Amino acid sequence: MNESTQDPSPSNFIRHIIDADIASAKHQQIVTRFPPEPNGYLHIGHAKSICLNFGIAQDYPNAVCHLRFDDTNPGKEKTEYIDAIKQDVQWLGFDWGDKLHHTSDYFEQLYQYAIALVKQDKAYVDSLSADDIRLYRGNLTEPGKDSPFRNRSVEENLDLLEKMKTGEFAEGEHLLRAKIDMAAPNINLRDPAIYRIKHMAHPMTGDSWHIYPMYDFAHCVSDAIEGITHSLCTLEFEDHRPLYDWFLDQLQTPAHPQQIEFSRLNLDYTVMSKRKLHELVEGAYVSGWNDPRLPTLSGMRRRGYTPAAIRDFCSRIGVTKKDNIVEMSVLENSLREDLNVIAPRALAVLDPIKLIIDNYPDEQEEMLSGINHPNDQAMGLRDVPFAKELYIERDDYMEDAPKKFFRFTEGREVRLRFAYYVTCTHVVKDTNGNVTEVHGTYDPDTRGGKSEDGRKVKGTIHWVSAKHAVTAEVRLYDRLFTIADPAAAKEGDYKDSLNPDSVVTLKNCQLEASLAQTSLEQRVQFERQGYFCQDSVDSKPNALVFNRIVSLRDSWAKKG
RNA sequence: UGGGGCGUGGCCAAGUGGUUAAGGCACGGGGUUUUGAUCUCCGCAUCCCAGGUUCGAAUCCUGGCGCCCCAGCCA
């Protein structure tokens with residue numbers, strides 16, 4: 001197990017329940033499970049569930065967490081998703097050991113349990129059409145009514161079920177239903193479906209089955225088979241708990257797990273539903289499941305987010321039953337806290353403009369020393385080449401700048417990080433009036449960026465030697481949507497509020513040459529800008545592409 | 001107007017009858033600083049409303065109000 005995942009998580013109402021169950025000796029060993037359906041990629045909402053379930057397994061003695069693919073609907077599920085999900089869980093830092101399961105592992109047992117239900121006259125084969133079943137179900141205020149097939153004999157039901165299984169009927173022709181109560185106020189109890197016919201190959205079982213179990217039946221039984229003690233799921237399943245318990249009460253299962261619901265995570269300025277994520281990917285609104293703007297784990301991984309930061313985020317947001325929309329700033333804070341510690345610093349100019357030091361000898365070059373991390377001496381020093389022609393950030397020069405602007409404007413002295421004090425003398429403009437070059441003079445006595453006379457220089461800016469710099473593409477990411485809660489958009493489509501500037505690509509960035517040596521995994525801070533890493537898909541040694549993971553906090557930009 | 005949940009500061013979230021109502025994020029302000037970063041210090045709520053019980057209530061009771069979920073042969 002990844003060492004950094006070992007800090008115990010803060011408690012919550014679910015852990016209180018578990019504590020009580022241990023105290024009362026209801027359980028000696030806690031077993032949880034993370035049960036994704038392999039019909040899409042995992043997102044940060046799943047990370048919350050993963051951290052909850054695997055976190056409990058880490059913190060309680062002898063506890064374990066199973067990874068179980070809830071693969072009961074071959075129409076939507078793919079091996080591609082299974083592989084991606086495993087990778088994401090591992091990347092997040094969790095280990096299921098030998099507890100890798102699939103609901104499909106239990107298809108035969110599930111079928112035997114269904115037969116047991118039929119034999120108890122607690123389930124029957126219905127032959128109503130899907131439309132009729134809906135009609136017979138009633139609605140929120142009116143009770144449903146019994147299907148005319150509800151009183152078939154056990155023998156007939158057994159026979160029909162067997163034939164459903166062997167593929168003798170067309171899809172939709174018959175349906176196995178639990179016999180509960182068509183007038184139940186909880187609609188989930190109005191004879192819910194247990195098995196439907198699907199003539200479809202399954203990623204794991206191939207074409208050995210023509211019927212597939214429904215979630216409500218398969219999930220509780222699978223939990224019981226695996227000896228799950230606490231089955232944690234999201235709030236929308238609260239209404240299904242009576243059903244979860246009903247099945248287990250009818251059947252002789254090895255255990256009766258406790259289902260506990262908690263609220264799903266919502267993050268502002270993004271969407272979290274699988275349906276919408278699918279739509280964004282398939283409609284090419286983004287480049288794929290791993291688009292760095294998406295809240296998917298693969299997108300965040302590519303963007304450069306660290307597993308530690310995501311875990312930290314999950315522990316900060318807590319676990320409750322309240323609907324919530326967490327602000328992106330919480331995630332960004334977790335990220336910056338981690339990145340600040342692990343990322344070495346470098347100088348990189350994203351929007352370059354020439355700075356010419358007029359009094360610096362034309363052909364001279366010198367090597368200056370830069371510190372790799374101001375708060376961590378162990379990261380050491382590096383050489384930074386200096387010469388007459390440099391690049392600085394275009395907005396580090398301003399004409400008619402206010403007093404509080406600590407960067408270049410005519411007559412103002414600024415420190416070039418690790419280098420010299422430079423006083424801006426004048427600029428050169430093109431015919432349109434755009435500044436094309438900034439000129440200045442340096443003070444040779446300030447080498448290293450300090451002066452003997454104790455003269456105060458408020459501003460320090462980053463720079464890069466023009467002749468030594470490497471050119472790279474840099475992608476700046478911003479929130480995917482322009483409104484905080486796009487999913488709630490009553491009028492129009494949520495896609496209408498997609499942020500057109502969610503990615504800004506800069507092609508002519510000038511980076512300190514050392515950055516060409518970074519690995520794909522390495523996160524770096526570009527001083528004064530933010531944290532960056534190479535794009536794992538597009539970056540090449542001779543065509544570097546960097547992603548901005550998250551910007552630095554900027555109290556100046558806020559005021560300005 | 002059936003059933004199930006939820007309501008503590010801008011956003012999360014502790015709190016389980018006696019606490020100055022934790023903490024984080026955000027926000028505002030001070031200090032340090034060769035990143036307007038980091039770090040650091042300070043400030044920032046009487047708990048949806050109304051009654052009631054109690055010496056004492058965010059915590060108990062009653063009645064309101066608000067928000068979310070459920071009518072897939074999806075999970």
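Quick caveat, the model's predicted, so the values are computed rather than measured. Atom set for the values below is all heavy atoms of this structure, side chains included, hydrogens, waters and symmetry mates excluded. Protein chains get the first letters and strands the later ones, always in sequence-line order, with residue 1 at the start of each.
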Quiz item: Parallel, tilted or perpendicular for A:Phe237 and A:His240, by the 30°/60° rule?
Solution: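 The rings of A:Phe237 and A:His240 stand perpendicular, inter-plane angle above 60°.
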
Quiz item: If you check the A:Thr141 side chain, which of B:G36, B:G2, B:U16 turns out closest?
Solution: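 Out of B:G36, B:G2, B:U16, the nucleotide with an atom closest to A:Thr141's side chain is B:G2.
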
Practice problem: Using the six-membered ring of A:Tyr111, assess whether NZ or CZ of A:Lys165 lies under 6.0 Å from its centre and within 45 degrees of the ring axis. | Solution: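 Here A:Lys165 passes the 6.0 Å and 45° test against A:Tyr111.
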
Quiz item: Counting any heavy atom closer than 4.0 Å, what does A:Tyr212 reach on the DNA or RNA strands: base, sugar-phosphate only, or nothing?
Solution: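 The residue A:Tyr212 makes no contact with any strand.
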
Self-check item: Donor/acceptor link under 3.5 angstrom from A:Arg407 side chain onto base of B:G36
Solution: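 Such a pair is found, so the answer is yes.
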
Exercise. With heavy atoms under 4.0 Å as the rule, sort A:Phe405 into base, sugar-phosphate or nothing.
Key: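 Base: the residue A:Phe405, judged by heavy atoms under 4.0 Å, touches a nucleobase.
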
Self-check item: Near-strand residues of residues 374-383 of chain A, defined as heavy-atom separation under 4.0 angstrom from RNA chain B
Solution: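 RNA chain B contact set from residues 374-383 of chain A: A:Pro374, A:Asn375.
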
Self-check item: Minimum side-chain heavy-atom gap A:Phe262-A:Ser49 below 4.5 Å
Solution: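 Counting from C-beta outward, A:Phe262 and A:Ser49 do come under 4.5 Å.
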
Quiz item: What is the per-nucleotide protein-contact pattern of nucleotides 70-75 of chain B, from the 5' end, where B denotes a base atom under 4.0 Å from a protein heavy atom, S denotes such proximity for sugar-phosphate atoms only, and - denotes neither?
Solution: BBSBSB

Practice problem: Determine, for nucleotides 21-27 of chain B in 5'-to-3' order, which nucleotides have protein heavy atoms under 4.0 Å from the base (write B), from only the sugar-phosphate (write S), or from neither (write -). | Solution: ---SSSS

Quiz item: What's the verdict on side-chain contact (heavy atoms from CB on, under 4.5 Å) for A:Phe34 and A:Leu42, showing C-alpha distance, side-chain angles and the deciding distance?
Solution: CA-CA 12 Å; A:Phe34 172 60; A:Leu42 262 25; 4.2 Å; yes

Quiz prompt | Residue among A:Lys122, A:Lys179, A:Lys145, A:Arg150 satisfying salt bridge (charged side-chain N to carboxylate O under 4.0 Å, His left out) with A:Asp191 | solution =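 That would be A:Arg150.
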
Quiz prompt | Watson-Crick/G-U partner (both atom distances under 3.5 Å) of B:G18 | solution =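 Its partner is B:C55 (Watson-Crick or G-U wobble, both distances under 3.5 Å).
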
Quiz item: Any idea how A:His101 and A:His66 line up, ring-wise: parallel (<30°), tilted (30 to 60°), or perpendicular (>60°)?
Solution: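 Correct class here is tilted.
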
Quiz item: CG of A:Leu189 versus C1' of B:C69: gap in Å, rounded?
Solution: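 Answer to the nearest Å: 16 Å.
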
Quiz item: Which label fits B:G9, syn or anti, where anti is any glycosidic angle not within 90° of 0?
Solution: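 Base orientation: anti.
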
Quiz item: Under 4.0 angstrom, heavy atoms only, what part of the nucleic acid is A:His16 near: base, sugar-phosphate, or nothing?
Solution: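 Base, at least one base atom sits under 4.0 Å.
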
Self-check item: Nucleotide B:A37, atom P - distance to CG of A:Leu339 in whole Å
Solution: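 Atom CG in A:Leu339 sits about 17 Å away from atom P in B:A37.
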
Self-check item: Protein-nucleotide distance (A:Trp556, atom CH2; B:G29, atom C1'), rounded to Å
Solution: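 Rounding to the nearest Å, CH2 of A:Trp556 and C1' of B:G29 are 17 Å apart.
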
Quiz item: Across the strands shown, which category fits A:Ser263 at heavy-atom distances under 4.0 angstrom: base, sugar-phosphate, nothing?
Solution: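 It contacts nothing in the nucleic acid.
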
Quiz item: Checking A:Glu337 side chain against A:Ser334 main chain: does a donor-acceptor pair fall under 3.5 Å?
Solution: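 Flag not set: sc A:Glu337 to bb A:Ser334 has no pair under 3.5 Å.
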
Quiz item: Which nucleotide, in any strand shown, forms a Watson-Crick or G-U wobble pair with B:G23, with both distances under 3.5 Å?
Solution: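 B:C12 - that is the nucleotide pairing with B:G23, both distances being under 3.5 Å.
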
Exercise. Tell me whether the centres of the aromatic rings in A:His278 and A:Trp289 are closer together than 6.0 Å.
Key: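 That pair passes the under 6.0 Å test.
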
Quiz item: Taking all non-hydrogen atoms of both residues, which atom of A:His219 and which atom of A:Pro35 are closest, and how far apart?
Solution: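 Minimum heavy-atom separation between A:His219 and A:Pro35: CE1-CB, 3.6 Å.
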
Quiz item: Looking only at heavy atoms, what is the nearest atom pair of A:Arg137 and A:Ile187, with distance?
Solution: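 Taking every non-hydrogen atom into account, CD-CG2, 3.9 Å.
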
Quiz item: Taking atom P of B:U16 as reference, at what distance in whole Å does atom CD1 of A:Ile17 sit?
Solution: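 Result: 17 Å.
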
Exercise. Answer with base, sugar-phosphate or nothing: what part of the nucleic acid does A:Lys450 contact at a heavy-atom distance below 4.0 Å?
Key: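 A:Lys450: base contact, heavy atoms under 4.0 Å.
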
Quiz item: When the P atoms of B:G10 and B:G3 are considered, how many whole Å apart are they?
Solution: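 Between the two P atoms, the distance is 33 Å.
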
Pair up each side-chain donor or acceptor in residues 480-487 of chain A with any protein partner under 3.5 Å, not counting sequence neighbours, and list the distances.
residue: A:Thr482; atom: OG1; partner: A:Ser497; partner atom: O; Å: 3.2

Quiz item: In residues 271-279 of chain A, what residues come within less than 4.0 Å of RNA chain B, judged by heavy atoms?
Solution: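 Those residues: none at all.
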
Quiz item: Considering Watson-Crick and G-U wobble pairs with both distances under 3.5 Å, what does B:C6 pair with?
Solution: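 Across all strands, the one nucleotide that pairs with B:C6 is B:G66.
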
Quiz prompt | Axial cation check for A:Tyr494 ring with A:Lys276, 6.0 Å and 45° limits | solution =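 Verdict for A:Tyr494: a cation-pi partner in A:Lys276.
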
Exercise. Would you jot down, in residue-number order, the residues of residues 44-53 of chain A having a non-hydrogen atom under 4.0 Å from RNA chain B?
Key: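 Per residue number, the list is empty: none.
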
Quiz item: Do the rings of A:His202 and A:Phe107 sit parallel, tilted or perpendicular, given the 30° and 60° boundaries?
Solution: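 The rings of A:His202 and A:Phe107 stand perpendicular, inter-plane angle above 60°.
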
Quiz item: Side chains of A:Thr103 and A:Asp70: donor-acceptor distance under 3.5 Å anywhere?
Solution: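 A:Thr103 vs A:Asp70: donor-acceptor pair found between side chains.
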
Quiz item: Within the structure shown, what part of the strands sits under 4.0 Å from A:Arg177 by heavy-atom distance: base, sugar-phosphate, or nothing?
Solution: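 If one applies the 4.0 Å heavy-atom cut-off, A:Arg177 turns out to touch nothing in the nucleic acid.
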
Exercise. Measure from NZ or CZ of A:Lys198 to the centre of the six-membered ring of A:Tyr212, then state whether that distance is under 6.0 Å and the direction lies within 45° of the axis.
Key: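 Geometry flag: not set, cation outside 6.0 Å or 45°.
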
Quiz prompt | Integer-rounded Å distance: B:A14 P and A:Lys321 NZ | solution =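 In whole Å, B:A14 P lies 13 Å from A:Lys321 NZ.
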
Quiz item: Between A:His102 and A:Ser104, is there a donor-acceptor pair closer than 3.5 Å when you use the side chain of the first and the backbone of the second?
Solution: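 Checking the backbone N and O of A:Ser104 against the side chain of A:His102, no donor-acceptor pair under 3.5 Å is found.
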
Quiz item: What does A:Gln525 touch in the nucleic acid at a heavy-atom separation under 4.0 angstrom: a base, only the sugar-phosphate, or nothing?
Solution: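 Base contact.
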
Quiz item: Considering the options A:His462, A:Arg382, A:Glu527, which one meets the side chain to side chain contact (heavy atoms under 4.5 Å, CB included) requirement together with A:Glu512?
Solution: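 Option passing the side chain to side chain contact (heavy atoms under 4.5 Å, CB included) with A:Glu512: A:Arg382.
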
